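Some notes on the structure that comes next.
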Amino acid sequence: MLLLTRKPGEQLRIGDDIIIKVVEVSKGSVRIGIDAPEEISILRQEVYDRICAENIESAVGNTVDIHSLSDLWKKK
Amino acid sequence: MEIESRQFGKIDIDDQKIIKMGRSLPGFKGMNRFVLLDHEDLHPFFSFQSVEDPTLAFILMDPFSICPDYDFDMEKTFEEMNWPKEDLNKVFIYVIVNVSGKSLKGLSANLIGPLLLHSVKNEAVQVILNDSHYSSKHLVFSNVKE
């Protein structure tokens with residue numbers, strides 16, 4: 001992982017089209033601005049991790065018979 | 001072509017109906033080809049079966065059957081996927097369900113990671129809702145009598 005130190009107001013350029021700006025540092029948080037093409041998704045890592053974990057759990061735990069689920073739903 | 005499916009054993013699928021995922025599901029990098037197995041008597045559930053790995057399948061659900069007001073912004077996704085805005089009525093929304101624990105009644109649906117499927121282009125993508133009040137574990141059977 002590349003580590004760089006930036007001061008508020010300073011920026012980074014990734015590739016041709018992505019700009020990261022350190023907007024403000026205060027109270028233990030960093031406010032970061034990102035300029036990137038529409039097709040590039042930008043996510044909080046913990047949200048991505050949660051989706052990943054949920055997907056994996058959903059696939060692995062798939063010993064469930066869809067017919068049983070459907071039956072249970074009809075009884076709802 | 002014939003494939004082995006997780007929920008239905010050996011099945012015959014129409015090659016034209018194979019769904020391509022340009023961006024694979026988080027956690028499943030490299031798995032990009034699926035089929036949607038849709039049996040009316042199993043609604044609101046569907047099976048999303050990998051064509052590449054017979055053991056990989058997800059159970060999907062229509063989110064509106066558990067959350068009638070389900071709503072999120074799809075504009076950015078449409079742009080990313082190069083889907084024209086007019087194709088809104090050709091795009092279907094599903095959510096992936098998860099059985100946690102031993103009981104079917106523990107079934108939950110991931111409302112922060114809906115799957116968008118363009119039924120004519122046969123392309124799909126999982127949208128990740130970044131700032132959302134929805135739950136990744138929305139209980140499906142919360143009001144089933146014990």
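Chain identifiers are assigned alphabetically (A, B, ...) following the order of the sequence lines, protein sequences preceding nucleic acid strands; residue numbering begins at 1 within each chain. It should be emphasised that the depicted structure is a prediction, and the values quoted were computed from it without experimental measurement.
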Original post:
Around A/K74, counting heavy atoms of other residues, nucleotides and ligands shown, do more than 12 lie under 6.0 Å from its NZ?
Top reply: yes
**OP:** Would you kindly confirm whether B/V120 and B/L116 end up in one hydrophobic cluster when ILVMFWY residues are joined by side chain heavy atoms under 4.5 Å apart?
**Re:** no
**OP:** List the atom of B/F58, the atom of A/N55, and the distance in Å for their closest heavy-atom pair.
**Re:** CE2-O, 3.3 Å
**OP:** Please step through side-chain contact (heavy atoms from CB on, under 4.5 Å) for the pair B/M61 and A/W73, ending with a clear verdict.
**Re:** CA-CA 11 Å; B/M61 170 168 211; A/W73 178 266; 3.5 Å; yes
Subject >> Criterion side-chain contact (heavy atoms from CB on, under 4.5 Å) on B/D41 and A/S70, from CA distance to verdict >> reply: CA-CA 8 Å; B/D41 56 319; A/S70 169; 5.9 Å; no
Original post:
Does A/L2 belong to the same Ile/Leu/Val/Met/Phe/Trp/Tyr cluster as A/I18, with side-chain heavy atoms less than 4.5 Å apart forming each link?
Top reply: yes
Original post:
If you measure from CD on B/Q126 to SG on A/C52, what distance do you get to the nearest 0.5 Å?
Top reply: 9.0 Å
Original post:
Taking atom CG of A/L43 and atom CD1 of B/I128, what is their separation to the nearest 0.5 Å?
Top reply: 5.0 Å
Original post:
Are B/L111 and B/F72 grouped together when hydrophobic residues (ILVMFWY) are joined by side-chain heavy atoms under 4.5 angstrom apart?
Top reply: yes
**OP:** Report whether A/I34 and A/V25 are members of the same hydrophobic cluster (ILVMFWY, side-chain heavy atoms less than 4.5 Å apart, transitive linking).
**Re:** yes
Subject >> Aromatic centroids of B/F45 and A/H67 separated by under 6.0 Å >> reply: no
**OP:** Please indicate whether A/R6 has more than 12 foreign heavy atoms, meaning atoms of other residues, nucleotides or ligands, lying under 6.0 Å from its CZ.
**Re:** yes
Original post:
B/M81 versus chain A, heavy atoms under 4.5 Å apart: side chain, backbone, both or neither?
Top reply: neither
Original post:
Quick one: what part of B/T77 sits under 4.5 Å from any heavy atom of chain A, side chain, backbone, both or neither?
Top reply: neither
Subject >> For the student: nearest non-hydrogen atoms of B/N130 and A/I42, plus distance >> reply: ND2-O, 3.1 Å
Subject >> Contact origin within B/H43 toward chain A - heavy atom pairs under 4.5 Å >> reply: backbone
Subject >> Portion of A/R50 that has a non-hydrogen atom of chain B nearer than 4.5 angstrom >> reply: side chain
Original post:
Are a donor atom and an acceptor atom from the side chains of A/E54 and B/N110 found within less than 3.5 Å of each other?
Top reply: no
Original post:
Does any heavy atom of chain A fall under 4.5 Å from the side chain of B/F48, the backbone, both, or neither of them?
Top reply: neither
Original post:
CD1/A/I56 to CG/B/N98 distance, rounded to the nearest 0.5 angstrom?
Top reply: 11.5 Å
Subject >> Atom pair CD1 (B/I59) and CG (A/L69), whose distance is rounded to the nearest 0.5 Å >> reply: 5.0 Å
**OP:** Take A/I66 and B/F8, measure what side-chain contact (heavy atoms from CB on, under 4.5 Å) needs, and give me the verdict at the end.
**Re:** CA-CA 9 Å; A/I66 195 174; B/F8 306 101; 3.9 Å; yes
Original post:
Of the non-hydrogen atoms in A/A59 and B/F28, which two are nearest, and what is the gap between them?
Top reply: CB-CZ, 3.5 Å
Original post:
Once you round to the nearest 0.5 Å, how far does NZ of B/K76 lie from OG of A/S41?
Top reply: 7.0 Å
Original post:
Are B/K137 and A/E57 close enough, and set up right, to give a side-chain contact (heavy atoms from CB on, under 4.5 Å), and what steps lead you there?
Top reply: CA-CA 11 Å; B/K137 288 192 186 287; A/E57 227 178 87; 3.1 Å; yes
Original post:
In Å and rounded to the nearest 0.5 Å, what is the OG to CG distance from A/S58 to B/L25?
Top reply: 10.0 Å
**OP:** Under 4.5 Å, counting heavy-atom pairs only, tell me which of B/G113, B/S47, B/P44 racks up the most with chain A.
**Re:** B/P44
**OP:** Can you establish whether the number of heavy atoms outside B/K90 located under 6.0 Å from its atom NZ is more than 12?
**Re:** yes
Original post:
Shared ILVMFWY cluster between A/I32 and A/V22, side chains joined below 4.5 angstrom?
Top reply: yes
